[in-house]
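Owing to the predicted nature of the structure, the values given are computational and were not obtained by experimental measurement.
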There are 4 protein chains.
Amino acid sequence: MPKVSQTYLDSRRAEILDAALECFSREGFHRTTMQDIVEQSGLSPGAIYNYFASKEEIIEAIADERHAREQQMIVARSSEGALAALVQIGREFLNSLQDPAERKRRRVTLQLWAEALRNPRVLRTVRRGISGPRKALGDLVAHAQKRGEIPMALDPDAIARVMIAVFQGLILQLAWDTETQVEPYIKAAEALFSGLPLSKRGARQTLRKR
Amino acid sequence: MPKVSQTYLDSRRAEILDAALECFSREGFHRTTMQDIVEQSGLSPGAIYNYFASKEEIIEAIADERHAREQQMIVARSSEGALAALVQIGREFLNSLQDPAERKRRRVTLQLWAEALRNPRVLRTVRRGISGPRKALGDLVAHAQKRGEIPMALDPDAIARVMIAVFQGLILQLAWDTETQVEPYIKAAEALFSGLPLSKRGARQTLRKR
Amino acid sequence: MPKVSQTYLDSRRAEILDAALECFSREGFHRTTMQDIVEQSGLSPGAIYNYFASKEEIIEAIADERHAREQQMIVARSSEGALAALVQIGREFLNSLQDPAERKRRRVTLQLWAEALRNPRVLRTVRRGISGPRKALGDLVAHAQKRGEIPMALDPDAIARVMIAVFQGLILQLAWDTETQVEPYIKAAEALFSGLPLSKRGARQTLRKR
Amino acid sequence: MPKVSQTYLDSRRAEILDAALECFSREGFHRTTMQDIVEQSGLSPGAIYNYFASKEEIIEAIADERHAREQQMIVARSSEGALAALVQIGREFLNSLQDPAERKRRRVTLQLWAEALRNPRVLRTVRRGISGPRKALGDLVAHAQKRGEIPMALDPDAIARVMIAVFQGLILQLAWDTETQVEPYIKAAEALFSGLPLSKRGARQTLRKR
DNA sequence: GATGAATGAGGATTCATTCAT
DNA sequence: AATGAATGAATCCTCATTCAT
């Protein structure tokens, strides 16, 4: 029986990750020192090392956290059609922009993308974060092809990857320019995918009316 | 070795940047030490500091170099239509994949994207690197709209940004997985933009035949 | 070694300053490396930087310490007359020569005098170190003038400065030649100031008898 | 027969020393880099090393130059009496203050005093710079003693050293505070030494009338 | 579990000096 | 003699991590 409750431990861990996220967002992984995290969290170095074995491990934990969140957001929630799912995701994405905390997180996401090139564990997390949506979207496309809505000549997986790219690009563009207008971007993306045609007419109508 | 020619100086500078690119590609900006660049270049620390005031400045020079290259690659070369330009760019991109040096460079590009969040000069370079193609593509779309090929309701700039996103996403996906198949991706992207319809039929045909 | 007492911290700080003084005395500020201080103190570089932000700050702390010590030594302790005070100071100075540690310190004092030309904080400290005695001595002279012991035509502050110069010159001469005889120098200085006449006869007698 | 005239060589050497003096005055010996001297002199590093084997040697040459100048200034020019000589020196000193170049030089002098603690050659030069005037002044005092003008009990050399101290202190005080008033200081010093009495009445009169 | 002073290898940068031209 | 690019040891300082309390 531990001296303190698991709840306590979990909340301490979360505090550290919050502090780290804040620092990473402001200064990047490499310019952030453990001392920065110490100050941001109000804990001591020793305390932090009780929860994480290294700075690297904190970065990896942040990656896991991000991955879990995005997974949750992107995972297709609709079997109605690919476009409907995309539109849904787009909407959520749009809403998340209201949250300043989410802006910070997106900056960290971009850093994780670069970090993935160096850190195999981060790479694995990033890849896993994509493979889910990629598969889901690919399946939707394949379904649409069976229904004759999309030419069989196209690779469903490739289309899924292009769809994901549209989101990745938006994240990049937003990170570099917070003034970036999201609404027209989403509309343009929608127009593209409706023209494929990737979806039933219904889905398109729904979005248009919004 | 006094009073050397400007050509000599330029080639030394280029050597240093090459060495730095190699190191950055392998280890990332922050894990690369000046000593690494020293060893890779075969020069001495002092020599390198004769050409660049700091490691930061090397990173910025790399950004400028990348920017110039990509500018040159992406800038629309065709007035035939947006799709033709895109296809052309896609082809070049495809070809560049044969060059292992280009793979290295793309890894560095991704790092520059993250670096832009911290370094205002890199940010400016990255933004400039996008603004050119963005404007060029936007103009093409606007033209197509005047000719009635694309609905006026869509924002030309937004469409341009989506197009750019498709390339950015491909760069990301390739960086994380060198096995990534480029050909199907390009085809899928082409299908999307032909459905818009963004281009004349002719352009689409060209691509199909390749 | 967490949560240590303030006393502990103070004594560590003092240890570092002692080590630095030793090094500075031997090699001068600029030839002394942090590594020298590390070795002399038996601490690690990091430990030292926990107490001082830079080598410069150590020099400034040494200046403060010197200033405090000299302040304490020179500040007039006698209201009997300027000469008595001077004699007193001269005696203490003489005694301090017995202490080999004091020899070291005086060498550092000379370096601080030069450093003051470059480092505004050191300059301020050096100036403050003079302004106290200068004012005190000036007041004594002014008093003597009121009592008619010194011609009103002379500037009390100027006389104070000359007195101080006599000590400064002695410090210089001692630094360059440890064989320098202090006793005759003090006697000669005393003769000068008694002739002014700066003091009551009594004070002069006191000195003579020693 | 050399390729260039000795005059040419000498003037180059002087240029370098002038440039070095300028730099040393501004930044001190140790903060001045050879590159600073290169820029100040308009020569190249290689050229400078043709004239001086090391930075150290430049410092030593500066010391020699200073020494020669001061020697020339201080060396007793009068056999009329110690005071007359001192007054003369004081006057010259006073005049030299008008020359801004001289202010620079005095700052360097102070640095040489500190440097003497580390560099035996500089020490020797500094000592030689003092020993001349010291001996000259000591002789004057001894003469006055023989004539019964000064008590035999005082050490002539000690009095000479006190006199020198009065100048040294003035140099220090001027270096730290360019506002320092020289005139009252000189007057006060004169009053001291006239009271000794160190000189004939005449000398004192001369000064008073000025 | 927490604390925070200490560790010390490592890193960016400097700069006196050299030497091929 | 002059040039100035190159050298590379030396230096200041950082910071992830440890561990005695």
Using a 3.5 Å cut-off on both pairing distances, which stems of three or more Watson-Crick or G-U pairs include DNA chain E?
E:2-21 with F:2-21

Residue pairs, two or more places apart or on separate chains, that pass side-chain hydrogen bond (donor to acceptor under 3.5 Å, both in side chains) and touch residues 41-50 of chain A:
none

Roughly, in whole Å, what's the span from [atom1] in [X] to [atom2] in [N]?
{"X": "B/E57", "N": "E/dT13", "atom1": "CD", "atom2": "P", "value": "10 Å"}
{"X": "B/I48", "N": "E/dG11", "atom1": "CD1", "atom2": "C1'", "value": "14 Å"}
{"X": "B/L43", "N": "E/dT13", "atom1": "CG", "atom2": "P", "value": "17 Å"}
{"X": "B/I37", "N": "F/dG8", "atom1": "CD1", "atom2": "C1'", "value": "17 Å"}
{"X": "A/R13", "N": "E/dG1", "atom1": "CZ", "atom2": "P", "value": "15 Å"}
{"X": "C/I16", "N": "E/dA5", "atom1": "CD1", "atom2": "P", "value": "12 Å"}
{"X": "B/E15", "N": "F/dA5", "atom1": "CD", "atom2": "C1'", "value": "13 Å"}
{"X": "D/E27", "N": "E/dC15", "atom1": "CD", "atom2": "C1'", "value": "15 Å"}

I need the single residue from C/D18, C/D36, C/T33 that forms a side-chain contact (heavy atoms from CB on, under 4.5 Å) with C/C23. Which is it?
C/D36

Salt bridge (Lys or Arg N to Asp or Glu O under 4.0 Å) filter on B/R127, not counting sequence neighbours, yields A/D177

Using the test salt bridge (Lys or Arg N to Asp or Glu O under 4.0 Å), find all partners of C/E15 that sit at least two apart in sequence or belong to another chain.
C/R12

Qualifying salt bridge (Lys or Arg N to Asp or Glu O under 4.0 Å) pairs, either residue in residues 47-63 of chain B, two or more places apart
A/R31-B/E56, B/E60-B/R121

How does protein reach along nucleotides 11-17 of chain F, written 5' to 3' as B (base within reach of a heavy atom under 4.0 Å), S (only sugar-phosphate), or - (no contact)?
SSBBBSB

Not counting sequence neighbours, which residues clear ring pair (Phe, Tyr, Trp, His ring centres under 6.0 Å) with D/H30? List them please.
C/H30

Which part of the nucleic acid, if any, lies within contact of B/F52, taking any heavy atom under 4.0 Å across all strands shown: a base, the sugar-phosphate backbone alone, or nothing?
nothing

Sorted by chain and number, sequence neighbours left out, side-chain hydrogen bond (donor to acceptor under 3.5 Å, both in side chains) with D/R105 holds for D/E102

Please confirm whether the shortest side-chain N or O distance from A/N50 to OP1 or OP2 of E/dA2 is below 4.0 Å.
yes

At under 4.0 Å, does any side-chain N or O of B/S44 touch on OP1 or OP2 of F/dT7?
yes

Backbone of C/E22 reached by a side-chain donor or acceptor of C/Q40 within 3.5 Å:
no

Judged by nearest nucleotide, the residue sitting upstream toward the 5' end of DNA chain F, B/L9 or D/Y8, is D/Y8

Set of side-chain contact (heavy atoms from CB on, under 4.5 Å) partners for B/S25, sequence neighbours left out
B/K104, B/R107, B/V108

